[in-house]
**Student:** 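What follows is a structure written as structure tokens; I'll ask about it next.
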Amino acid sequence: MLDQIHLLAAVTVLGVLEQAYFFLQVIYARRTFGISPPKISGPPEFERIFRAQVNSSEYFPIFLALLWQAGIFFHQGLAASLGLLYLCSRYCYFMGYRASSSERLTPIYFGTGVLWVLVAAAALGLSHFFLAHYVGLNVLRLLT
């Protein structure tokens, strides 16, 4: 069974490490700009880093759920590849937002597109599973 989920697990670990990096960037920015917790406002440079981290954290559970559903029910390799693309887009989003609020737009749109492809893969995989398991209809056999 582990050979069926090892790529998903590796992408998950990379995602957790990326989230940790974003958290550390906020800690570093707090020290740089003298912003003590629980304050969340300060110079625009700090606020952009803080918002980029918070926004990334908000999307992370959605990403993980879709990654694993698409990987288990559709195709592990495709889901893991999409997961790597998403993590790269999230990194570009973070770095872009850190530089300027307008620089976050292209990566966020790309990352959102990747999430929609994961939604589609998960939905197709789950639909196929339910049709085959509960209705006895194997769509893949019908197509071949």
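FYI, the numbering just counts along the sequence from 1.
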**Student:** Identify every side-chain donor-acceptor pair in residues 7-23 under 3.5 Å, counting partners at least two apart or on other chains, and give the distances.
**Tutor:**
residue: Thr12; atom: OG1; partner: Leu8; partner atom: O; Å: 2.8
residue: Thr12; atom: OG1; partner: Trp68; partner atom: NE1; Å: 2.8
residue: Gln19; atom: OE1; partner: Ser57; partner atom: OG; Å: 3.2

**Student:** Could you tell me which non-hydrogen atom of His128 sits nearest to which non-hydrogen atom of Asn138, and how far apart they are?
**Tutor:**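 The pair with the smallest heavy-atom distance is NE2-OD1, 3.2 Å.
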**Student:** Show the nearest heavy-atom pair for residues Gly111 and Tyr86, with the distance to one decimal.
**Tutor:**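 Heavy atoms of Gly111 and Tyr86 come nearest at O-CD1, 3.6 Å.
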**Student:** With rounding to the nearest 0.5 angstrom, report the OG to CZ distance, Ser56 to Arg51.
**Tutor:**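 Going from OG on Ser56 over to CZ on Arg51, the span is 10.0 Å.
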**Student:** Mind checking the CZ-SG spacing from Arg104 to Cys92? Nearest 0.5 Å is all I need.
**Tutor:**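 Interatomic distance, Arg104 CZ to Cys92 SG, rounded to 0.5 Å: 15.0 Å.
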**Student:** Is there side-chain contact between Thr32 and Phe46, with heavy atoms separated by less than 4.5 Å?
**Tutor:**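 Thr32 vs Phe46: side chains apart.
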**Student:** So how far is it from Ser127 OG to Leu137 CG, rounded to the nearest 0.5 Å?
**Tutor:**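 Those atoms lie 11.0 Å apart.
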**Student:** Got Ser89 and Thr112 here, is their nearest side-chain heavy-atom distance under 4.5 Å?
**Tutor:**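 Ser89 vs Thr112: side chains apart.
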**Student:** Which heavy atom of Leu67 sits nearest to which heavy atom of Ala79, and what is that distance?
**Tutor:**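 Minimum heavy-atom contact is CD1-O, 3.3 Å.
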**Student:** Report the hydrophobic cluster partners of Ile27, with the cluster defined as I, L, V, M, F, W, Y residues connected by side-chain heavy atoms closer than 4.5 angstrom, directly or transitively.
**Tutor:**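 For the cluster that includes Ile27, the remaining residues are Leu24.
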**Student:** Between Tyr97 and Asn55, does the side chain to side chain donor-acceptor pair (under 3.5 Å) criterion hold? Intermediate values first, please.
**Tutor:** CA-CA 11 Å; Tyr97 206 168; Asn55 291 347; 4.8 Å; no
**Student:** What pair of heavy atoms forms the shortest contact from Gln69 to Leu126, and how long is it?
**Tutor:**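 For Gln69 versus Leu126, the nearest heavy atoms are OE1-CD1, 3.7 Å.
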**Student:** Tell me if the CD1 atom of Ile40 is crowded by more than 12 foreign heavy atoms within 6.0 Å.
**Tutor:**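 At most 12 heavy atoms, drawn from other residues, nucleotides or ligands, come within 6.0 Å of this atom.
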**Student:** Would you say the side chain of Glu47 lies within less than 4.5 Å of the side chain of Ser41, judging by non-hydrogen atoms?
**Tutor:**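 The answer is yes; the side chains approach within 4.5 Å.
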**Student:** Within the structure provided, determine whether Leu87 and Phe63 are in side-chain contact (heavy-atom separation under 4.5 Å).
**Tutor:**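 Leu87 vs Phe63: side chains touch.
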**Student:** Going hydrophobic residue to hydrophobic residue with side-chain gaps under 4.5 angstrom, can you get from Phe60 over to Trp116?
**Tutor:**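 Cluster IDs for Phe60 and Trp116 match.
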**Student:** Side-chain heavy atoms under 4.5 angstrom apart, residues restricted to Ile, Leu, Val, Met, Phe, Trp, Tyr: same cluster for Val114 and Ile72?
**Tutor:**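 Yes; Ile72 is reachable from Val114 via cluster members.
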**Student:** Determine yes or no for a side-chain-to-main-chain donor-acceptor pair under 3.5 angstrom, with Arg48 supplying the side chain and Ala99 the backbone.
**Tutor:**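 Yes.
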**Student:** Find out if a path of hydrophobic residues (ILVMFWY) with successive side-chain heavy-atom gaps under 4.5 Å connects Tyr59 to Tyr93.
**Tutor:**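 Tyr59 and Tyr93: separate clusters.
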**Student:** Report yes or no: do Phe110 and Val117 belong to one cluster of Ile/Leu/Val/Met/Phe/Trp/Tyr joined by side chain heavy-atom distances under 4.5 Å?
**Tutor:**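 Yes: a chain of side-chain contacts under 4.5 Å links Phe110 to Val117.
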**Student:** So, for Ala70 and Ala121, which heavy atoms are closest and what is the spacing to 0.1 Å?
**Tutor:**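 Residues Ala70 and Ala121, closest heavy atoms: CB-CB, 3.9 Å.
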**Student:** Should Arg98 and Gln25 count as side-chain neighbours, where that means a heavy-atom distance under 4.5 Å?
**Tutor:**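 SC-SC contact between Arg98 and Gln25 confirmed.
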**Student:** What about Ile62 and Leu82, same hydrophobic cluster or not, with Ile/Leu/Val/Met/Phe/Trp/Tyr joined at side-chain heavy-atom distances under 4.5 Å?
**Tutor:**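 Same cluster.
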**Student:** Any idea which heavy atoms bring Asp3 and Gln76 closest together, and the distance?
**Tutor:**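 Nearest heavy atoms, Asp3 then Gln76: O-NE2, 3.3 Å.
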**Student:** Out of curiosity, Ile108 CD1 to Arg90 CZ, how far, rounded to the nearest 0.5 Å?
**Tutor:**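 It comes to 3.5 Å.
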**Student:** State the NE2-OG distance between His75 and Ser81, to the nearest 0.5 angstrom.
**Tutor:**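 Reported to 0.5 Å precision, the distance equals 9.0 Å.
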**Student:** Could you tell me whether Arg31 sits above the aromatic face of Tyr28, with NZ or CZ closer than 6.0 angstrom to the six-membered ring centre and within 45 degrees of the axis?
**Tutor:**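 That pair does not qualify as a cation-pi contact.
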